[in-house]
Amino acid sequence: MSTISRRSFIKTGIAAGSVMLASPKDARPAEVKTLPPDRRGVLVDTTVCIGCRRCEWACKNAHSLPAGDITDYDDESVFANKRRPDDKALTIVNRYEKIGDERFPTNVKIQCMHCEQPACLSACIVGAFKKDDTGAVVWDTDKCIGCRYCMVACPFQIPAFEYEKALDPKIMKCDFCIDRQKNGELPACVEICPAEALTFGKRSELITLAHRKIELFPERYYNKVYGEAEVGGTSWLYLASREFMELGFLKLGTNPAPGVSESIQHGIFAYFVPPIAFYALLGGVMWLNKNRNRGEE
Ligand code: SF4
Ligand code: SF4
Ligand code: SF4
């Protein structure tokens, strides 16, 4: 078992470097709270990622998802298509072929960005999501009623739903290995990365480190830290050798996405149905679905 004090953790000084039916009390969106200054993040340096996909294996392994043999991940044919995280793979790596005088292709790891002001949290009508002090955006599967508002609201299209599961399908996404973090361990993907492409540490120090790298190696890095400002900032931050939009990143503004999802949510409540009726309807549909599924099973 490794500890957070391992090499990938930024130390001080380096910075120079369900409810089936939610009760009326529970049935409300979670509040966005003040974030602690030492909340964590990960800096993904796509210029050193070798596309080994060990992070994919480690993530599945850490979350009891079918992971297969680690050598299966040497199969580079998967790079023929651009993939997205789903309920069976909370993180994936895509490859972008080299252009111009680049010597290597660029590999981009994708997972939940753990937004500073998460749209998923804001959109969730039963307050199942929370932004933890670690920086992780996590959710309570017992509170979740399966409305999938979070999937619609997420600007990065991250939350996935276990459509294939007959019994108790759940929302799935990267949880920033919050249990490992609370045990003093690194996120599984960070720990296994052989190229040190993933640096775990305080978000504020990671931003300093990222700008320092750009300053020191302007020929290597495109002059931008993706996630520093997008949708109000994200815990996962990226460096790249070229314009991010060429690498599958979305062009997003700096305004937090919650404003949009809250407007939708409040619009529903204001003009469509009262909240209690809405929760009752959703809860009823979920109850019927779950019992039908159990009957079929
Ligand atoms: S990336 Fe999407 S799922 Fe992850 S915290 Fe942000 S809004 Fe939520
Ligand atoms: S932080 Fe944990 S859950 Fe998220 S991608 Fe890495 S291994 Fe998977
Ligand atoms: S383990 Fe590290 S080097 Fe390998 S694909 Fe994942 S981020 Fe890239």
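When reading the values below, keep in mind they use all heavy atoms of this one structure, side chains included, and skip hydrogens, waters and symmetry mates. Computed from a predicted model, the values in this text were never measured in an experiment. Read the numbers this way: they start at 1 and go in the same order the structure lists the ligands and their atoms.
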Return the residue, atom name and 0.1 Å-rounded distance of the protein heavy atom closest to [atom].
| atom | answer |
| --- | --- |
| atom 6 (Fe) of ligand 1 | Cys115 SG, 2.3 Å |
| atom 3 (S) of ligand 2 | His63 CE1, 3.1 Å |
| atom 4 (Fe) of ligand 2 | Cys174 SG, 2.3 Å |
| atom 2 (Fe) of ligand 2 | Cys177 SG, 2.3 Å |
| atom 8 (Fe) of ligand 1 | Cys120 SG, 2.3 Å |

Counting each atom of ligand 2 from 1 as listed, which ones have a heavy atom of [X] under 4.0 Å away?
| X | value |
| --- | --- |
| Pro187 | 1 (S) |
| Thr91 | 5 (S) |
| Cys59 | 3 (S), 5 (S), 7 (S), 8 (Fe) |
| Lys109 | 5 (S) |

**Q.** Metal check, atom 4 (Fe) of ligand 3 vs Cys52 N/O/S, cut-off below 2.8 Å
**A.** yes
Q. For ligand 2, does Asp175 get within less than 4.0 Å through its side chain, its backbone, both, or neither, judged by non-hydrogen atoms?
A. both
Q: Would you mind telling me if ligand 2 is within reach of the side chain of Cys189, the backbone, both or neither, using heavy atoms under 4.0 Å?
A: both
Q.
Keeping Arg53 on the side-chain end and Gly51 on the backbone end, is there a donor-acceptor pair under 3.5 Å?
A. no
Q. Going through the distances and angles, do Lys213 and Thr208 end up as a side chain to side chain donor-acceptor pair (under 3.5 Å)?
A. CA-CA 9 Å; Lys213 281 184 159 194; Thr208 305; over 6 Å; no
Which of the atoms in ligand 1, numbered in the order shown and given with their element, are less than 4.0 Å from a heavy-atom of [X]?
| X | result |
| --- | --- |
| Ala119 | 7 (S) |
| Lys173 | 3 (S) |
| Phe156 | 1 (S) |
| Val137 | 5 (S) |
| Pro159 | 3 (S) |

Q: Taking only heavy atoms of Cys49 into account, list the atoms of ligand 3 that are under 4.0 Å away from them.
A: 3 (S), 5 (S), 7 (S), 8 (Fe)
Q | Numbering as shown, the atoms of ligand 3 that approach Arg53 to under 4.0 Å (heavy-atom distance) | A | 4 (Fe), 5 (S)
Q.
With heavy-atom distances below 4.5 Å as the criterion, would you say the side chains of Val231 and Phe156 are in contact?
A. yes
Q.
In the structure I gave you, are the side-chain heavy atoms of His114 and Arg40 within less than 4.5 Å of one another anywhere?
A. no
Q | side chain to side chain donor-acceptor pair (under 3.5 Å) between Tyr222 and Glu243, worked out | A | CA-CA 6 Å; Tyr222 183 72; Glu243 163 65 56; 2.6 Å; yes
Q) Considering all heavy atoms of both residues, which atom of Trp139 and which atom of Lys173 are nearest to each other, and what is their separation? A) CH2-O, 3.2 Å
Q. What pair of heavy atoms forms the shortest contact from Leu90 to Cys174, and how long is it?
A. CB-N, 3.9 Å
Q | Exercise: do Ser241 and Glu102 side chains pair donor with acceptor under 3.5 Å | A | yes
Q) Does any donor atom in the side chain of Thr91 or Lys109 lie under 3.5 Å from an acceptor atom in the other side chain? A) yes
(Q) Using heavy atoms and a 4.0 Å limit, tell me yes or no: is Ile50 in contact with ligand 3? (A) yes
Q.
Looking at ligand 3, is there an atom of it that comes within less than 4.0 Å of some heavy atom belonging to Pro194?
A. yes
Q.
One thing to verify: whether Lys182 and Asp133 come together as a salt bridge, which I'm taking to mean a side-chain N less than 4.0 angstrom from a carboxylate O.
A. no
(Q) Taking the basic N atoms (NZ, or NE/NH1/NH2) and the acidic carboxylate oxygens, is any pair closer than 4.0 Å for Glu164 and Lys88? (A) yes
Q.
I want to know whether Tyr238 and Phe244 have ring centres closer than 6.0 Å.
A. no
Q) Is it the case that Lys60 places NZ or CZ above or below the six-membered ring of Tyr73, under 6.0 angstrom from the centre and within 45 degrees of the axis? A) no
**Q.** Crowding at NZ, Lys98 (>12 non-hydrogen neighbours, <6.0 Å)
**A.** no
**Q.** Min heavy-atom dist Arg180 to ligand 2 below 4.0 Å
**A.** no
Q | Proximity of His114 to ligand 1 by residue part, where a heavy atom lies under 4.0 Å | A | backbone
Q. At a non-hydrogen distance cut-off of under 4.0 Å, which region of Pro155 contacts ligand 1 (side chain, backbone, both, or neither)?
A. side chain
